[in-house]
Amino acid sequence: MKKKTILITGASSGIGKATAELFAQKGERLILCGRRQERLTELKKEFKCETHLLNFDVRDRKAVFDAINSLPQDWKQIDVLINNAGNAHGLDTVETANLDDWDAMIDGNVKGLMYVTKAVLPQMIELKRGQIINLGSIAGLEVYPKGNVYCASKFAVDAFTQGLRIDLNPYGVRVCAVHPGLVETEFSMVRFKGDEQRSESVYNSLDALQAEDVANAIAYMVEAPPHVTVADLTLLPTDQANATVINRKK
Ligand code: 8X3
């Protein structure tokens, strides 16, 4: 079978990294994107598959288009775009929240994801094939206390995904979203600005999802037969019933 060329944003850690590792094991061709060049270089060294690195921040519109346009000819045909880059910054009420946190979430999770999509799209439309997988969240399906702007950013991802699926319907491009619940990654360390204790308390009282679990779900979407679009896939730890109901052990 022909190898797939898969572009992953936010590939240097968490779900992005686990997804890159899984597809590397499967021998696909990977375009790894991220802000942390050293981490990407480490992955390239580790991986036995063909790998191309792109070092940019999805929030920087010009950098996004420059990076995608800089792809060498034999890397330009992208079969699968995995829009994974994104973060939560802070967990506050609207009243107490920091505006820089809001900008970071809207600029990265929403606008950044849209820029990368727009930059990658022309060749998928031209070839009338391809797949786009957006990382949504349970926070994009339900709002939880103090989730306000993070939830808004993930609701926007869901709406954008639905719109994209409509617009790309004539072109045979598969548009998918995966919506994870609690996944044990650097997510909470970023959200809580390096507060280890607070971050650990999010995951240590339940059997949280691991990044590899989400990577497996993404692989299922990619490996579904071409006539099948796994439009939405919500993945929760068994200990989590929805955004707010969690069976914590202590
Ligand atoms: C991450 C899941 O529940 O912490 O998107 O918002 S949650």
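Residue numbers start at 1 and run along the sequence shown. What you see is a predicted model, and the numbers here were worked out from it, not measured in a lab. For ligands, and for the atoms within them, numbers begin at 1 and follow the listed sequence.
Listed by number with element, the atoms of ligand 1 under 4.0 Å from a non-hydrogen atom of A139 are 6 (O). Those atoms of ligand 1 that come under 4.0 Å of a heavy atom in Y150, given as number and element, are 1 (C), 5 (O), 6 (O).
In this structure, A104 and R59 approach most closely via the heavy-atom pair CB-NH1, 3.9 Å. Taking both residues in full, the closest heavy atoms of M221 and Q131 are given as O-NE2, 3.0 Å, listed atom of the first, atom of the second, then distance. The two residues A20 and L30 make their nearest non-hydrogen contact at O-CD1, 3.3 Å.
Of the protein's non-hydrogen atoms, F187 CE2, 3.5 Å is the one closest to atom 4 (O) of ligand 1. For atom 6 (O) of ligand 1, the closest heavy atom belonging to the protein is Y144 OH, 2.6 Å. Among protein heavy atoms, the minimum distance from atom 3 (O) of ligand 1 is reached at I138 CG2, 3.6 Å.
Using a 4.0 Å cut-off between a side-chain N of Lys or Arg and a carboxylate O of Asp or Glu, D101 and K193 qualify as a salt bridge.
Within the structure, ligand 1 has G181 among the residues with a heavy atom less than 4.0 angstrom away.
Between the side chains of N83 and T117, at least one donor-acceptor pair of N or O atoms lies under 3.5 Å.
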